[in-house]
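Take a look at the structure below.
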Amino acid sequence: MLKRTHNCGQLRIEDSGLKVILAGWVNSYRDHGNLVFIDLRDREGLTQIVFNPDTNPEMHKLARTIRCEWVIAIEGIAQPRSEGMENPKLSTGKIEVSVDKLEILNISKTPPFEVDNADKTGEELRLAYRYIDLRRPVMQHKLRTRHKVTKITRDYFDNLGFWEIETPMLGKSTPEGARDFLVPSRLVPNTFYALPQSPQLFKQILMVSDVEKYFQIVRCFRDEDPRADRQAEFTQIDVEMSFVDTDDIISVHENLAAKIWKEILGVDVKLPMRRMTYNESMSDYGIDRPDLRFDMKLKDITDIAKETSFKVFTSTIENGGIVKGLCAPGGDKYSRSDIEKVLTKFVADYGAKGLAWAKVKSEDGNLTLQGGSAKFFSQEQAKQLLERFDAKADDLLLFVADNEAIVNKSLAPLRCKLGRELKLYDDDSFEFVWVVDFPLFEWNEDEKRFDSLHHPFTAPVDDDLEKLETDPGHIRSKAYDIVVNGSEIGGGSIRIHNMKTQQKVFDLLNITREQAEDRFGFFLKALEYGAPPHGGIAFGLDRLVMLLTGTENIRDVIAFPKTQRGQCLLTEAPSGVDLKQLNELNLRVQTHSHKIDEIASEEQ
RNA sequence: GGGGCCGUAGCUCAAUUUGGUUAGAGCAUCGGACUGUCGAUCCGAAGGUUGAGGGUUCGAGCCCCUUCGGCCUCGCCA
């Protein structure tokens with residue numbers, strides 16, 4: 001076998017005259033009857049190779065049998081292309097290799113789609129033939145970027161004295177949080193492991209063990225329905241540190257993020273990053289992960305709305321609801337039908353019962369409200385609205401009246417949609433923010449109890465500790481999320497390290513001593529043996545790479561991803577298993593049970 | 001569990017106002033021509049259970065029902 005001396009993206013004009021060996025896939029094939037040109041591809045690039053019947057008739061003859069995606073190796077002389085024959089699209093475009101020796105390493109069936117045109121090919125087919133899809137330069141760039149991010153991360157943490165420690169994949173199921181993936185135990189019949197939703201408790205236990213600085217690039221599993229940016233199986237950069245407070249964690253990790261952005265994209269991220277409280281974020285953006293690339297803040301107009309003659313507003317407010325809105329700059333371009341059909345339907349998906357609107361028009365130099373709900377506002381009320389939103393001519397005001405949760409839940413995505421459609425920001429920009437001071441609990445109306453917003457091990461802010469007894473709903477937590485362009489890329493908290501506080505939190509969560517003992521007994525026990533103050537964070541590696549490569553599809557940044565039904569189209573997992581395997585696991589699937597029931601009833 | 005979009009040749013897409021003769025095109029494939037191309041070009045050929053099943057109709061790619069699959073989304077994701 002010819003052993004290569006260079007890769008296909010390497011040769012330059014300076015290499016002219018060099019005897020080289022290249023190997024790769026046939027990207028394209030141009031047969032001129034006499035001259036045969038092949039663009040040879042490997043992961044580094046393309047190099048044109050040329051077969052000339054005058055110099056080597058035998059190799060030329062062989063070359064004419066070659067087809068796209070065959071694997072070949074060639075030996076030849078790198079030579080400059082003659083004037084006018086250069087290809088400026090290729091980094092190797094000023095040279096070509098004149099082939100003396102050709103070795104066909106492997107032939108290929110005609111691929112089901114063309115590697116060159118695969119961006120137009122349906123994803124379903126690309127996933128079934130992922131090995132071909134991944135040959136494409138854009139996909140290779142994503143794989144490479146992902147590798148670089150993990151490499152930067154490992155080097156970064158290593159330099160700071162962190163240890164990468166693996167935690168078990170086969171763990172204990174806990175009913176909180178997402179649905180677990182279960183793995184049956186063969187040796188202990190009728191019991192199950194759960195795949196980790198995150199290594200949360202193990203990394204905290206490692207702090208009790210004086211690992212002090214832990215990180216892990218770790219696979220996590222949550223058996224919930226996938227989304228464009230969410231997959232049941234995903235990867236976290238998981239971190240935990242001892243003897244630290246919020247500022248320490250934030251500092252370490254904003255530096256990591258800045259380093260990644262600098263090394264991958266050459267982007268300078270301004271440090272320290274901006275911080276915003278949860279309350280500010282919810283109030284101004286309606287969501288705990290604000291997209292700060294554009295302004296267009298939400299404004300509460302309940303005070304103005306309750307004075308209007310608009311029944312929808314006044315009755316909502318009487319029933320304890322609120323009215324919030326936003327002012328879309330240049331939103332005049334939305335027609336009445338756009339607003340009342342498209343935008344109204346958009347917010348309806350989030351539970352909003354309607355979308356009130358009015359356009360801002362300039363009349364004789366004065367701004368007025370027109371259309372939609374404008375008639376319900378007095379002149380004075382209109383003036384107040386225009387001032388509150390700092391509205392300009394040809395802006396569009398949009399309002400939702402409902403309970404606070406629905407108002408925010410519907411306006412936040414509406415704001416993002418409008419920002420995108422009105423091109424209020426530069427697609428290449430990145431706006432980082434730390435969201436802090438999350439509430440420790442949120443009230444669960446159905447269950448009549450508090451739920452953890454983050455998780456039950458999150459520490460309360462010291463000043464709010466006494467509220468554990470008096471006002472649990474208003475306790476702030478030492479939790480923090482790092483958000484980029486409206487996408488949460490990481491989140492974590494300082495943990496509770498003392499049993500008394502932990503116990504109080506469990507009480508408020510309605511977790512009994514017995515339940516706590518059953519679910520996390522091992523962990524609570526560990527806390528009693530000298531747990532240091534500690535905290536940590538986890539970054540979503542998949543989302544990081546999505547942002548860095550500019551894709552909104554998580555499957556693009558995973559080598560072998562799954563579909564929305566959790567299937568792998570390449571391997572056809574999940575699949576049925578042999579009865580023998582089930583028997584060894586002491587398992588019986590429902591179809592079997594039904595069969596057995598049927599037989600039993602027939603026998604009767 | 002709910003809502004929406006989609007499925008026609010290997011790939012990407014067409015197919016006239018609820019329907020009307022033999023379902024077309026580009027790329028790829030196969031054969032031929034060609035001395036410099038680089039999305040090669042030119043000539044020719046082959047390629048189809050319109051995702052599957054059922055129904056309505058004189059007649060279905062198109063209308064209806066069921067079903068399979070993909071994507072987006074609400075719920076869900078401590």
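Here is how names work: the chains are called A, B, and so on, in the same order as the sequence lines, proteins then strands, and each is numbered from 1.
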Between Arg222(A) and Asp229(A), the residue closer to the 5' end of RNA chain B by nearest nucleotide is Asp229(A)
Residue pair Asn553(A)/Asn34(A) against RNA chain B: nearer the 5' end by closest nucleotide is Asn34(A)
Describe, in one word, how the ring planes of Phe441(A) and Phe450(A) are oriented to each other, choosing from parallel (under 30°), tilted (30 to 60°) and perpendicular (over 60°). tilted
Who pairs with [X] by side-chain hydrogen bond (donor to acceptor under 3.5 Å, both in side chains), at least two apart in sequence or on another chain?
X         : answer
Lys142(A) : none
Arg81(A)  : none
Thr344(A) : none
Glu86(A)  : none

Ordered by number, residues from residues 114-128 of chain A within less than 4.0 Å of RNA chain B (heavy atoms) are Glu114(A), Asn117(A), Lys120(A), Thr121(A), Gly122(A), Glu123(A), Glu124(A), Leu125(A)
Sorted by number, residues from residues 341-355 of chain A placing a heavy atom under 4.0 Å from RNA chain B are Asp349(A), Tyr350(A)
Using atom [atom1] in both nucleotides, what's the gap between [N] and [M] to the nearest angstrom?
N       : M       : atom1 : answer
rA28(B) : rG55(B) : C1'   : 38 Å
rU37(B) : rG32(B) : P     : 24 Å
rC11(B) : rU29(B) : C1'   : 11 Å
rG48(B) : rC38(B) : P     : 32 Å
rU16(B) : rU21(B) : P     : 10 Å
rG75(B) : rG3(B)  : C1'   : 11 Å
rU41(B) : rC27(B) : C1'   : 15 Å
rU22(B) : rU67(B) : C1'   : 31 Å

Under a 3.5 Å limit on both distances, the Watson-Crick or wobble mate of rC5(B) is rG70(B)
Checking N1-N3 plus N6-O4 or O6-N4 for Watson-Crick, or N1-O2 and O6-N3 for wobble, each under 3.5 Å, the partner of rG26(B) is rC11(B)
Would you classify [X] as touching base, sugar-phosphate or nothing, given that sugar-phosphate means primed atoms plus P, OP1 and OP2, and contacts are heavy atoms under 4.0 Å?
X         : value
Arg81(A)  : base
Glu488(A) : nothing
Arg67(A)  : sugar-phosphate
Asn52(A)  : nothing
Arg64(A)  : base

Sequence neighbours excluded, the answer for ring-ring contact (aromatic ring centres under 6.0 Å, His included) partners of Phe192(A) is none
By ring-ring contact (aromatic ring centres under 6.0 Å, His included), Phe438(A) pairs with (sequence neighbours left out) Tyr278(A)
**Asked** Quick check: does any side chain N or O of Thr47(A) sit under 3.5 Å from a backbone N or O of Cys8(A), one acting as donor and the other as acceptor?
**Response** yes
Note: chain A reaches RNA chain B at heavy-atom distances under 4.0 Å over the stretch, first to last nt, 5' to 3', of rG1(B) to rA78(B)
The complete set of salt bridge (Lys or Arg N to Asp or Glu O under 4.0 Å) pairs with one or both residues in residues 110-124 of chain A, sequence neighbours excluded, reads Glu123(A)-Arg555(A)
So salt bridge (Lys or Arg N to Asp or Glu O under 4.0 Å) across residues 44-57 of chain A, not counting sequence neighbours, yields Glu44(A)-Arg144(A)
Taking the six-membered ring of Phe346(A), is NZ or CZ of Lys417(A) closer than 6.0 Å to its centre and within 45° of its axis? yes
In short, ring pair (Phe, Tyr, Trp, His ring centres under 6.0 Å) pairs touching residues 109-135 of chain A with sequence neighbours left out are none
